[in-house]
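One structure below.
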Amino acid sequence: MTTLQSVPALGTHPASGSLPSRAETRDQLSRATYDLLVIGGGILGISTAWHAAQSGLRVALVDAGDFAGATSSASSKLLHGGLRYLQTGAVKLVAENHFERRAVSREVAPHLANPLTFYLPVYKGGPHGAAKLGAGVFAYSALSAFGDGVGHVISPAKAQRDVPELRTDDLKAVAVYRDDQMNDARMALMTVRAAVDAGAVVLNHAAVTGLRFTRGRVTGAELKDSTDGTEFGVDARLVLNATGPWVDHLRKMEDPNAAPSIRLSKGAHLVLKRTRPWRAALATPIDKYRITFALPWEDMLLLGTTDEEYEGDPADVSVTEADTAQILDEAAFSIKDQQLSRDLITYSFAGLRVLPGGPGDTSKAKRETVVTEGRGGMLSVAGGKWTTFRHIGRTVMNKLAALPGHPLAEDMEPMNRLPRKLPLPGIANPNAVAHRLLIDGPAPGPRMAPDTARHLATHYGSLAFGIARLANESPELAERVHPDAPEIWAQVAYARDHEWAETADDVLRRRTTLTIRGLATDDVRAGVEKLLADKD
C-alpha cells in the first residue's frame, strides 16, 4: 500500500477547475441575498436546489454534515417501482415510480444506475403462493410498459444457477422481475454537482444555529462552519427546510410551539463479503407486507432492511444487536447458512425514513412527500422515496410558484418549460468509458487495472477521465488505496478538490466504497487525512 510520504499534494488543478475555498464560499453566501436557501443536503434538498437553479433562481444549499451524510446514503440502494405497493392497491404510485426509475436509469444517470434481476422465492407455507406472485410480477412489469421484460416464474434449479446460495428446501417456484440499483451517495454527489453547474452555491459541514427574521418572516439563517468554527449568515427571500429527520427541530426554531409533523422509521442494513458470485438479487416475502432484500452490490452482499418506529435523537441512530439478528434471521429464509456467517460482515448502517405523522404500522405507511408552510413563511419538505427524487424537486418548485402573493414566480421559469430529463454530469456509456480507461494509459507505464477502470466508469461516468489524468500525471496517485479495493489515490485527491470532501469519512464512506468493504484501516484513514490536509 502507498505510504503516507508518497502521496503528494495536488493543490489547485486548473485544467479541471478546482472548487473555491470554504472561505470564498462563505464570503459568497454572506454577501448576496438568495431567492431560495435550502437547509439540508440530503437528496430532497439537493434535488430542489438543482431544479430551483435550473429555473433561474439564485440558490444556496447548506448542510450541517456532509452531502447525503445521513439517510440519503443509508438506503437500500434501489431505484424501484415498489413491488410491495401493489399489495395495498397503489397502482398509480407504482406506475409513477416506474416512470421515474426508468428516466433516471436510462436517460438521467445511466452511468450511475445498473439494471438488476430480482428473484422472489415462493416457499411452502410462505405468505404468498406462486400464482399470486407470478401475477404480481406480471402486473409490476406491465406498469413499466414491459420495458424491462415480462415478469414470470422460473424453476428453483434455474434460479440457483444465478444465486448459488439460494436455499432450495421447500422452494416451490421463483418469480422474476427487474428493477435498478445505484450507489446512493455517488448519485447524490452528482446531483450536487448538477446544482452547482446550474448556478447554486453549496456548502457542507455548515450547521444552522438560528434563523433570521424580518417582520416575523424567516429571511435567512445563522450558520457555523464546523471545520474551523467560523460563524456567518445567509439572507434569502425564502427558506426551505429539507433536513429530513431533523425537520421538526428546525420548525421549532421558526415557531417554538410547532406541533410534530412527522414520525420516523429505522431501516438497518448489513454488508457482507460474498462467498460466491451472485447474478441476481433476492426479494423474500417475510409477511403480507414486508420483503427482505439480499442484493449483490459493490462486489459485496447487502442485506436488509428493518422497519420499526424510532423515537430517539436522529444523530444517535445505529445498528443494534437486535437489528443484526433480525436481518440475518430473515435472510435465512432464503439464503444458506454459510453466506450468513457473522464473520463475513464488513459494515452495517441504519437510516431513518421520514413518514407523515399519525398512527399505524410504519411498514404499511405510504412514502409520501409532505410540504408545509410555517408561521414564519418557512417551507418544510419531508418524506418520499429515493427513486422519485427528481419528481420531489419538481413538486417543491411547483409549490414555490403557487405561494400566496407569488413571491418567486416572476423570477423562475415554470417547471413545464424546463427539460424533463436533464442528465446528470458525467453521462456516458460506462462500458465505453471503461474501455477507454484501459487503452489510454500512460506510455510508458502500467495500464489501469480492469477492476479500477470499471469502478471509475460506473461511479463517475465520463468524469473518470479527469481522475485518470491525475493518476497519469502523478504515479503515486495511480496506486490502490487498499490492495483489496479498486479505488486509487487519485479519487481521494479528486474528492478533495472537486467533490467537497472535508473529512476522512466523507471520502471513505461516501466518495468511495472503502468503508463498506471493511477496508477503512488506520493506515488508509491516515493516508486520506494527510491528502486532505494537503489541500492548501
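Numbering of residues begins at 1 and proceeds along the displayed sequence. Computed from a prediction, not measured in an experiment: that's the story for all the values here. All heavy atoms count here, side chains included; hydrogens, waters and symmetry mates do not.
- A donor and an acceptor atom, one from each side chain of Asn97 and Thr387, are nowhere located under 3.5 Å apart.
- Scored by the salt bridge (Lys or Arg N to Asp or Glu O under 4.0 Å) test, Lys77 finds Asp184 as partners (sequence neighbours excluded).
- Ring planes of His80 and Phe293: perpendicular class, angle over 60° (limits at 30 and 60°).
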_Is there a side chain to side chain donor-acceptor pair (under 3.5 Å) between Thr320 and Asp323? Walk through the geometry before answering._
CA-CA 5 Å; Thr320 65; Asp323 294 330; 3.1 Å; yes

Side-chain donor-acceptor pairs under 3.5 Å in residues 52-64, sequence neighbours left out?
{"unit_1": "Ser55", "atom_1": "OG", "unit_2": "Ala52", "atom_2": "O", "d": "2.7"}
{"unit_1": "Asp63", "atom_1": "OD1", "unit_2": "Gly65", "atom_2": "N", "d": "2.7"}
{"unit_1": "Asp63", "atom_1": "OD2", "unit_2": "Gly41", "atom_2": "N", "d": "2.5"}

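- Closest non-hydrogen pair, Ser318 versus Lys266, comes out as O-NZ, 3.0 Å.
- Atom CZ of Arg417 has 12 or fewer heavy atoms from other residues, nucleotides or ligands within 6.0 Å.
- With sequence neighbours left out, Asp148 forms a salt bridge (Lys or Arg N to Asp or Glu O under 4.0 Å) with Arg101, Arg106.
- Side-chain atoms of Ile39 and Leu250, non-hydrogen and from C-beta on, do get closer than 4.5 Å to each other.
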_Does Thr168 form a side chain to side chain contact (heavy atoms under 4.5 Å, CB included) with Gln160? I'd like the steps, not just the answer._
CA-CA 8 Å; Thr168 55; Gln160 194 174 37; 3.6 Å; yes

*List the steps, then state whether side chain to side chain donor-acceptor pair (under 3.5 Å) holds for Thr458 with His111.*
CA-CA 6 Å; Thr458 55; His111 53 311; over 6 Å; no

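- Enclosure of atom CD in Glu321 by more than 12 non-hydrogen atoms of other residues, nucleotides or ligands within 6.0 angstrom is indicated.
- Checked by atom type, the side-chain pair Gln339/Thr275 shows a donor-acceptor distance below 3.5 Å.
- Atom OG1 of Thr306 sits about 5.5 Å away from atom CD of Gln326, to the nearest 0.5 Å.
- Judged by the 6.0 Å distance and 45° axis criteria, Arg509 is positioned over the aromatic ring of Phe349.
- In this structure, the ring of Tyr140 has its center less than 6.0 angstrom from the ring center of His98.
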*In sequence, state the C-alpha distance, the side-chain angles, and the governing distance for Phe118 and Leu78, and then conclude on side chain to side chain contact (heavy atoms under 4.5 Å, CB included).*
CA-CA 11 Å; Phe118 282 79; Leu78 294 177; 3.7 Å; yes

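- For the pair Arg186 and Tyr460, the cation-pi test (distance below 6.0 Å, angle within 45°) is passed.
- Residue Trp386 comes nearest to Ser72 through the heavy atom pair NE1-O, 2.9 Å, listed as atom of the first residue, atom of the second, then distance.
- Salt bridge Asp162/Arg279: present, at least one basic N to carboxylate O contact under 4.0 Å.
- Under a 4.0 Å N-O distance rule, the pair Lys336/Glu165 does not qualify as a salt bridge.
- Within the 3.5 Å criterion, the main-chain N or O of Arg290 finds a donor-acceptor partner in the side chain of Asp287.
- For the atom pair CE (Met182) and CG (Leu116), the distance works out to 12.5 Å, reported to the nearest 0.5 Å.
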_Go through it in stages, so that I can follow the logic: the residues are Glu308 and Ser265, the test is side chain to side chain donor-acceptor pair (under 3.5 Å), and I'd like the CA-CA distance, side-chain angles, deciding distance and then a yes or no._
CA-CA 5 Å; Glu308 62 179 5; Ser265 167; over 6 Å; no

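- With a 6.0 Å radius and a threshold of 12 heavy atoms from other residues, nucleotides or ligands, Phe465 has its CZ atom above the threshold.
- Annotation: His249, atom NE2; neighbour count of heavy atoms from other residues, nucleotides and ligands within 6.0 Å does not exceed 12.
- Shown are Lys385, His391, Arg390; of these, the side chain to side chain donor-acceptor pair (under 3.5 Å) with Glu100 is made only by Arg390.
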*Take Thr284 and Tyr119 through the side chain to side chain contact (heavy atoms under 4.5 Å, CB included) test and state the conclusion after the steps.*
CA-CA 8 Å; Thr284 306; Tyr119 289 162; over 6 Å; no

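- Residue Leu379 holds its CG atom at 10.0 Å from OG1 of Thr48, rounded to the nearest 0.5 Å.
- In the model, His459 has no side-chain atom that pairs as donor or acceptor with a side-chain atom of Glu487 under 3.5 Å.
- Between Arg511 and Asp66 there is a salt bridge, since a side-chain N of the basic residue sits under 4.0 Å from a carboxylate O of the acidic one.
- Using cut-offs of 30° and 60° for the angle between ring planes, the Trp500 and Phe67 rings count as perpendicular.
- For Ser105 against Asp180, the heavy-atom pair with the smallest separation is OG-OD2, 3.4 Å.
- Residues Ala185 and Ser73 come closest through the heavy atom pair CB-CB, 4.0 Å.
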*Dump the intermediate steps for side chain to side chain contact (heavy atoms under 4.5 Å, CB included) on Leu120 and Val176, then the final yes or no.*
CA-CA 6 Å; Leu120 245 161; Val176 182; over 6 Å; no

